[in-house]
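Below is one structure, written out as structure tokens, with a few remarks after it.
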Amino acid sequence: MIFDIQHFCTYDGPGIRTVVFFKGCPLRCVWCCNPESQKATPELMFDGEKCIRCFKCICPKGALKHTDEVLLDRDICNVCGECQELCPTNALRVVGRLLSVDEVMKEVLEERVFYSENGGVTFSGGEPFMQSEFLLELSKLSKLEKLSVVVETSGYAKWEKIEKTLQYVDLIFFDIKSCDSERHFVLTGVRNELILENLKKIATECETVVRVPVVEGYNFKDESDVFKLAEICRNADVEKIDLLRYHRLGEKKYRMLGRKYDLEVGDTRFIHYMKKILEEEGFKVMIGGTNY
Amino acid sequence: MVGLSDVADSFAAIDELVFRKRIISLQELLNALRSNFEGYEELRQILLNKAPKYGRDELANHYAKIVAEIFASEVMKYRNSRGGRYLPGIYSMSTHVGFGMLTGALPSGRKAGEPLSNGIAPKNARSLTTAMRSVASIEQKKFMNGVSYVVNISPDVFRGREGKEKFIALLRGYFELGGMNCHFNVVDASKLIEAQRNPEKYRDLVVRVAGFSAYFVDLTKEVQDEIIRRILEKV
Ligand code: SF4
Ligand code: SF4
């Protein structure tokens with residue numbers, strides 16, 4: 001189950017890459033900027049800004065009502081996708097497709113001429129290890145094609161699901177969402193013990209960069225959190241940390257999925273302070289995958 | 001030749017929607033074009049959103065190739081008064097804007113008076129690399145008068161040393177595929193503000209959003225504002 005394949009990505013690993021987004025994630029981070037990545041099944045998205053109120057969208061189930069606008073009853077909708085065909089503007093769109101390994105590989109290899117020596121494919125999500133067999137096959141084939149393989153993971157998966165794939169992976173972006181297990185639970189829906197355990201194991205087998213979404217006031221409140229992060233990375237022998245600036249670009253997608261998003265984030269300058277502390281602790285730190 | 005992408009997208013739309021899927025009748029399309037889509041917004045949206053596009057889909061790429069080849073071989077047939085050849089080229093300089101003002105509505109969904117496509121560039125590509133693949137798939141060597149491929153891009157897509165390497169990989173790929181020419185137009189914040197006002201003119205402008213790049217005009221107003229702010233503040 002894939003929700004998107006994006007060509008010409010330049011920030012998810014070295015070189016020019018194609019990113020394959022897996023649909024389905026065991027975490028529910030309150031700040032998630034890709035809410036359509038969370039559920040492991042297809043979903044209907046409705047974009048009110050694109051809709052021209054032509055009312056061509058007739059639902060065989062009766063999930064779509066037309067007043068002076070379109071009202072979607074998600075309890076009735078079974079995501080059959082018929083309205084998507086009828087909608088001229090693509091305001092109604094189903095996200096999530098079941099693709100075969102070959103179909104994904106075909107799209108990835110179409111861009112091969114741009115990958116040069118270090119570019120290739122990045123498996124992102126959602127959580128790629130949730131579809132571990134699929135990921136294993138894709139990674140294996142990509143390596144056979146001599147592409148660079150990057151995986152972005154939340155680290156929340158059974159070790160058996162992770163282990164077999166690592167030999168085909170060149171680089172792992174490993175997310176640390178919070179250093180405090182209680183808070184991790186509140187913000188993402190799961191505790192972080194399994195994640196931290198996996199970090200150590202993964203980092204011994206594969207080059208690993210720790211990625212930290214910085215949502216000031218939520219997952220990082222003060223210096224002590226930063227020192228905890230440093231300790232975790234040191235224990236796992238990870239040298240590189242990539243801090244991700246919080247942004248609200250996903251907000252509209254919550255509306256399109258009929259969900260609410262309320263997060264008031266305070267001072268976004270904290271991230272630079274974090275970088276300074278972590279650098280003093282001896283780490284190589286980047287913000288958003290770049291040096292500026 | 002000016003407006004390659006408009007012609008390819010128009011043929012692809014007719015082929016797909018009138019002949020293959022039979023969603024639209026030829027008569028209906030003609031009526032819509034004659035009235036510059038007045039009262040046919042729904043039909044126009046179908047043409048924009050449900051038809052294959054050059055730089056994105058096979059069928060439209062195929063038409064771009066055919067149109068380019070017919071044009072090139074036709075031009076080569078003619079001689080001027082001193083017996084010299086006319087050489088075909090695909091570049092528009094800025095005439096795509098002027099000629100656009102004089103061109104009526106098209107089956108691609110383009111309204112009368114809007115700019116035509118610039119040189120050999122696709123108007124509605126999926127990504128910069130898919131655009132380049134389509135552009136390079138046209139037999140550029142038949143155009144002895146040259147082709148022009150303009151890529152509009154914001155400066156932060158290729159920043160830093162790594163950015164430079166990625167830029168090199170991009171160009172290598174394009175020329176390896178048979179591309180002949182490509183210019184980069186690196187735009188600043190003021191251009192982005194203009195693109196917000198006139199999205200039709202800036203369909204191909206690529207910007208860095210967050211962990212990915214996208215076509216500027218495809219983004220919502222909120223996101224566009226955020227990017228402009230970011231470039232202004234150099235964060
Ligand atoms: S996806 Fe199917 S069930 Fe859901 S609203 Fe559209 S037509 Fe109705
Ligand atoms: S068909 Fe699409 S554009 Fe028309 S009313 Fe329904 S959602 Fe809106």
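These numbers come from the heavy atoms of this one structure, side chains and all, not from hydrogens, waters or symmetry mates. Each chain gets a letter, A, B and so on, in the order the sequences are listed, and its residues count up from 1.
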Walk me through it: do B/Arg126 and A/Glu107 pass the test salt bridge (charged side-chain N to carboxylate O under 4.0 Å, His left out)? CA-CA 13 Å; B/Arg126 172 171 162 191; A/Glu107 279 217 36; 2.9 Å; yes
Among A/Pro88, A/Ser116, A/Cys54, residue most engaged with chain B (heavy-atom pairs, under 4.5 Å): A/Pro88
Yes or no on side chain to side chain contact (heavy atoms under 4.5 Å, CB included) for B/Phe167 and A/Thr10, after CA distance, side-chain angles and deciding distance? CA-CA 10 Å; B/Phe167 186 60; A/Thr10 48; over 6 Å; no
Tell me, out of B/Glu41, B/Lys166, B/Gln45, who's got the most heavy-atom pairs with chain A below 4.5 Å. B/Lys166
Heaviest contributor of heavy-atom pairs below 4.5 Å to chain A, chosen from B/Ile46, B/Leu171, B/Ile168, B/Leu47, is B/Ile46
For the residue pair A/Phe114 and B/Leu177, what are the closest heavy atoms and their distance? CZ-CD1, 4.1 Å
Tell me, do A/Phe8 and B/Met132 make a side-chain contact under 4.5 Å, heavy atoms counted? no
Could you go through the side chain to side chain contact (heavy atoms under 4.5 Å, CB included) check for A/His7 and B/Arg133 one step at a time? CA-CA 12 Å; A/His7 289 147; B/Arg133 282 196 276 133; 3.8 Å; yes
Counting only non-hydrogen atoms closer than 4.5 Å, does [X] touch chain A with its backbone (N, CA, C, O), its side chain (CB onward), both, or neither?
X        : value
B/Leu48  : neither
B/Thr129 : both
B/Glu42  : both
B/Arg161 : neither

Apply side chain to side chain contact (heavy atoms under 4.5 Å, CB included) to residues B/Arg172 and A/Val113 and explain how you reach the verdict. CA-CA 8 Å; B/Arg172 282 233 170 92; A/Val113 68; over 6 Å; no
Structural part of A/Lys50 lying under 4.5 Å from a heavy atom of chain B: neither
Can you tell me if [X] has over 12 outside heavy atoms packed within less than 6.0 Å of its [atom1]?
X        : atom1 : answer
A/Lys240 : NZ    : no
A/Tyr273 : OH    : no
A/Glu239 : CD    : no
A/Glu117 : CD    : no
B/Tyr215 : OH    : yes

Going by an N to O cut-off under 4.0 Å, is there a salt bridge joining A/Glu85 and B/Lys50? no
